[in-house]
Amino acid sequence: MGAQGLSSRAIIGHFFARLEQQDGAGYVNRIGTIPFPSDQASEEYKWLGQSPAMREMIGGRHAKGLRENGFIIKNKAYESTLKISVDDLRRDKTAQILVRVAEQADRANAHWAKLMAAAIIAGESTLCYDGQYFFDTDHTEGDSGAQSNDITYDSVSTTLPTAAEYEAAILKSVEQIISFKDDQAEPMNENAMDFVIMVPVGHMAAAAAALKNPVIVDSNGSRTNTIANLGGFNFQLAVNPRLTWTTKFATFRADGNVKPIIRQEEVPLEVSAIAEGSELEFNERQHHYGIYASRGLDYGYWQHANLTTFV
């Protein structure tokens, strides 16, 4: 059925139905928090360090204070407005207008992925809560010592790594994340088992082979794929066409209490219309259908992320 004869209420209903059907990119909720509610222009988040580890009770209790690293996330307003001619609406018999409505809803659902991709790309030059770049070689916090979540891996071609090189690079990135210590020099990720491997489109084939092929072929011949036979661990491949990288990929821990990306939402996606009986319809014979949201995003735990560059 086309949009012919549909009221603005029905078209808005189509918006919401489509919004509920499509959740956006599958990795969004895995590496970004479910949006924290907000009721003001910005919210302050304090990273309070790790809770005290168990110790032998000698000389009574040793109370440990909380660290007060923190950051502020500002909400920004976002909109998308679709203009529809009343005449086109009246004549639409082929559902073309509803296709546009569905596309607008899909774009709205992809908005978190767009914001997250921009933050990930900027991770080497944008500060996170500890005052270092999100992807950096010299993170330090309390008694952690210097730690890097910005590593390299040698490859024959930096833009076209092989499946064998990707397999080894992914394992190295996971080793890096598991090795991180908290501000008390305690292991930060000793229970990490679930990871998202985010790659640019040009690395899709090699990364997919590294994660799924039972056999890997390298300079020494054929051998068993370590990742495909690594019991207990789970790896999700996220091919991200928004990434501008040609020599890099990112690994994220997906099963931590705190995600690598923090999302905040003041106004969830809402749909409104200027339609039947409006001054716009009378003067210009148009209807406007708009989507609006107020939200913000910033970096969470850098310890749950690692950037690998092929060199």
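Contact record, Gly131 with Leu127: O-CD2, 3.3 Å, taken as the closest heavy-atom pair. The minimum heavy-atom distance between Ser42 and Asn75, with the atom names listed, is N-ND2, 4.3 Å. Annotation for Phe135 and Asn149: closest pair CA-OD1, 3.4 Å, computed over non-hydrogen atoms. Here the closest non-hydrogen pair linking Asn225 and Glu167 is OD1-OE2, 3.2 Å.
A side-chain contact (heavy atoms from CB on, under 4.5 Å) with Phe180 is found for exactly one of Arg253, His139, Gln303, Glu141, namely Gln303.
Between Lys172 and Glu175 there is no salt bridge, since none of the side-chain N atoms of the basic residue sits less than 4.0 Å from a carboxylate O of the acidic one. Using a 4.0 Å cut-off between charged side-chain N and carboxylate O, Lys83 and Glu284 make no salt bridge.
In this structure, Phe233 and Phe235 have parallel ring planes: the angle between them is below the 30° cut-off, well short of the 60° mark.
Checked by atom type and distance alone, the side chain of Tyr299 pairs as donor or acceptor with a backbone atom of Ala119 at under 3.5 Å. Of the possible polar contacts, one joining the Gln264 side chain to the Ile73 backbone as a donor-acceptor pair under 3.5 Å is found. Checked by atom type and distance alone, the side chain of Asp298 never pairs as donor or acceptor with a backbone atom of Cys128 at under 3.5 Å.
Side chains of Arg30 and Phe252 form no contact here, defined as non-hydrogen atoms less than 4.5 Å apart.
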Take Gln132 and Asp138, measure what side chain to side chain donor-acceptor pair (under 3.5 Å) needs, and give me the verdict at the end.
CA-CA 8 Å; Gln132 299 295 118; Asp138 56 352; 2.8 Å; yes
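The ring-ring contact (aromatic ring centres under 6.0 Å, His included) test applied to Tyr292 returns no partner, not counting sequence neighbours. Applying the ring-ring contact (aromatic ring centres under 6.0 Å, His included) criterion to His203, with sequence neighbours excluded, gives Tyr166, Phe310.
The side chain to side chain donor-acceptor pair (under 3.5 Å) analysis of residues 267-277, with sequence neighbours excluded, yields the pairs Ser8-Glu276.
Counting non-hydrogen atoms of neighbouring residues, nucleotides and ligands closer than 6.0 angstrom, the CZ atom of Arg9 reaches no more than 12 such neighbours.
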